Protein chains: 2
Amino acid sequence: MNISKTKRVSLVDQVISQMEALIESGEWPVGDRIAPELELMEQFDVSRNTLREAIRSLVHAGLLQTKQGSGTFVCSASVLGVALHRRIQQSNLLETLEVRHALEREAAQLAATRRSKEDIKQLQIHLSTCQEAAKSKNHQAYAEADIQLHKAIAVATHNHLLIDLYDHMTEALHESVHHLVENNSCLEIHLQIHHQLVQAIISQDSQQAMEAVNSYMTQLKTDTGKLS
Amino acid sequence: MNISKTKRVSLVDQVISQMEALIESGEWPVGDRIAPELELMEQFDVSRNTLREAIRSLVHAGLLQTKQGSGTFVCSASVLGVALHRRIQQSNLLETLEVRHALEREAAQLAATRRSKEDIKQLQIHLSTCQEAAKSKNHQAYAEADIQLHKAIAVATHNHLLIDLYDHMTEALHESVHHLVENNSCLEIHLQIHHQLVQAIISQDSQQAMEAVNSYMTQLKTDTGKLS
DNA sequence: GGTTATTTGTTCGTATGTATC
DNA sequence: AGATACATACGAACAAATAAC
């Protein structure tokens, strides 16, 4: 048997890992206040300084938020989400759309080959929500339904890494996409392309699905160009 | 004029910001040891615990690394890289390859439209390095050159977000890809596809570039299937 | 509105484990 | 082996912001 060196994990790192697990598992729900330092000291059996170093790290990572006199609150469940969000805000919209295009195209293709009956059901539900929003010319509601539809496509790939990345990406793009969709005067064309996309996924035509994504993203990119 | 509430930035956050700036500006070069805690306490004029909370945050973010008894060193990994690395290790290889496929395909297309003369030069250099490694049947060297070639393709897109994501992704996949390429008995086919890919990018044929990526990734995925 | 209790922010002191010379 | 430099960890205390009564 191989003999490996024993790892000495610092107390701070142990506390950090446990806290991350508690947050990601939802045991410490987003928005909730966590126990005060004195209690956590007992729970983890560490000194205040050690505990504070752990908390500080998670604050800097974007998972926690501290308010003097009030407490410490959970503000995000995913390290990746926060990191992606920060990185995306540093780059311009076109760069981000190109990356999104890559994910979107892959998602459409995979969804077309792997979609289950349940996936199809979800796609149709969200598509009809889009249609209703378009009919009533409610741009706000349309933007929201559009995001949900795209998330459903990602889910239909059954690739959890892709789903995660796509989710965090759309979240980071949330405001920009809203802005774009809301300023898009012609929802009908937009909707029609999405109708084609969903149909292609249902009939397992990955080539058609990819083309629909391409035309959809091309429109988004030109819209972006107009604004800037 | 708008009157905004005054922000009370905690000492720890101030220290963190300054340290990040020092590292990014290169004033604290990567690999160097930073001053010991006692000196830093004087420089920033904060107590030991405050300083340690700041250092701990940057350690967790991947910018610093501490070695007890030795000192604290700059190791400049980005937050995104660490987060992606962790997330990728949680998912299986096929999932990761599919996401990589998405990025790779987009990169090839964009590189074909945007590559500069300097980009072409770099591509040819790395391609010839691959060829030499293939001739001498040095699988280890081939895997390394292969990674460099793909990075060069990403650079040719001039999309910094895509470059970043791709870099972090290949880094997280480093061992797996090495393993795959080294076990690939037939380097010639692999090399030939890459030759086509580079040629397509140089002649600005994005369709051809995309197809080359597709056949390359298909081979990778089937190789993965054989192993598992 | 003011007082008090709670909670985080910051500092100092001390002891210990570890690496380097 | 010893000495020095450094990070790790604990404990106690006070300041500042907030919440509750």
Side-chain angles (χ1 to χ4, degrees), chain A residues 3-20 22-23 28-76, chain B residues 3-20 22-23 28-77 82:
Chain A
I3 295 179
S4 62
K5 287 185 180 175
T6 53
K7 287 179 191 170
R8 239 173 281 279
V9 181
S10 72
L11 289 182
V12 180
D13 286 337
Q14 291 181 42
V15 176
I16 290 178
S17 302
Q18 289 193 62
M19 283 183 165
E20 281 179 338
L22 285 166
I23 294 173
W28 285 2
V30 176
D32 270 31
R33 201 191 79 170
I34 69 176
E37 291 176 349
L38 281 171
E39 280 185 42
L40 293 176
M41 286 168 58
E42 288 183 9
Q43 291 183 29
F44 290 110
D45 191 31
V46 292
S47 78
R48 182 151 181 241
N49 286 330
T50 305
L51 178 72
R52 282 181 58 80
E53 284 181 24
I55 291 178
R56 239 348 140 164
S57 297
L58 295 185
V59 168
H60 186 246
L63 291 182
L64 294 177
Q65 191 176 359
T66 56
K67 287 181 187 173
Q68 187 176 171
S70 174
T72 302
F73 302 82
V74 181
C75 62
S76 172
Chain B
I3 295 178
S4 62
K5 286 184 181 176
T6 53
K7 284 181 191 171
R8 239 172 281 279
V9 181
S10 73
L11 288 183
V12 180
D13 285 338
Q14 291 182 42
V15 175
I16 289 179
S17 303
Q18 289 193 61
M19 284 183 165
E20 283 177 336
L22 285 166
I23 294 173
W28 285 3
V30 176
D32 271 30
R33 201 189 79 170
I34 68 176
E37 290 178 346
L38 282 173
E39 280 185 42
L40 293 174
M41 285 167 61
E42 288 182 9
Q43 290 183 28
F44 290 111
D45 191 31
V46 292
S47 79
R48 182 162 210 160
N49 285 329
T50 305
L51 178 72
R52 283 180 60 80
E53 284 180 23
I55 290 178
R56 199 57 94 152
S57 297
L58 295 184
V59 168
H60 186 244
L63 285 164
L64 294 178
Q65 193 176 359
T66 55
K67 288 181 186 172
Q68 189 176 172
S70 174
T72 302
F73 301 82
V74 181
C75 65
S76 175
V82 178

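Here the structure is a predicted model, which means the values were calculated and not measured. Letters go in sequence order (proteins before strands), and every chain restarts at 1.
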Taking [atom1] from [X] and [atom2] from [N], how many angstroms apart are they, rounded to a whole number?
| X | N | atom1 | atom2 | result |
| --- | --- | --- | --- | --- |
| A/Q68 | D/dT18 | CD | P | 7 Å |
| B/L51 | D/dA9 | CG | P | 16 Å |
| B/L11 | C/dC12 | CG | C1' | 15 Å |
| B/L64 | D/dC6 | CG | P | 16 Å |
| A/Q65 | C/dT7 | CD | P | 18 Å |
| A/L40 | C/dG9 | CG | P | 13 Å |
| A/E37 | C/dT7 | CD | C1' | 7 Å |
| B/E53 | D/dA7 | CD | C1' | 16 Å |

- Gap between atom CG of B/L51 and atom CG of B/L38 - 0.5 Å precision: 9.5 Å

- Atom OG in B/S57, atom CG in B/D13: separation rounded to 0.5 Å?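 Output value for this atom pair is 8.0 Å.
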
- Are any side-chain N or O atoms of B/Q14 and backbone N or O atoms of B/V9, one a donor and one an acceptor, separated by less than 3.5 Å? yes

State whether the distance check finds a donor on one side and an acceptor on the other, under 3.5 Å, for side chain [X] versus base [N].
| X | N | answer |
| --- | --- | --- |
| A/R48 | C/dT10 | yes |
| A/R56 | C/dG9 | no |
| A/N49 | D/dG11 | yes |

- Task: Using a cut-off of strictly less than 4.0 Å, decide whether A/T72 has a side-chain nitrogen or oxygen near OP1 or OP2 of C/dT7.
- Result: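 No.
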
- For C/dT11, take OP1 and OP2 only and decide whether either is under 4.0 Å from a side-chain N or O of B/T50. yes

- Steps toward side-chain contact (heavy atoms from CB on, under 4.5 Å) verdict (A/H60, B/E20): CA-CA 12 Å; A/H60 186 246; B/E20 283 177 336; 3.1 Å; yes

- Could you tell me whether A/D32 atom CG has more than 12 heavy atoms of other residues or ligands within 6.0 Å of it? yes

- Item | 5'-most by nearest nucleotide on DNA chain D - B/G71 or A/D45 |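 Checking each residue's closest nucleotide, the 5'-ward one belongs to B/G71.
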
- Residue whose nearest DNA chain C nucleotide is more 5′ - B/D13 or B/S70: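 On the 5' side of the pair lies B/D13.
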
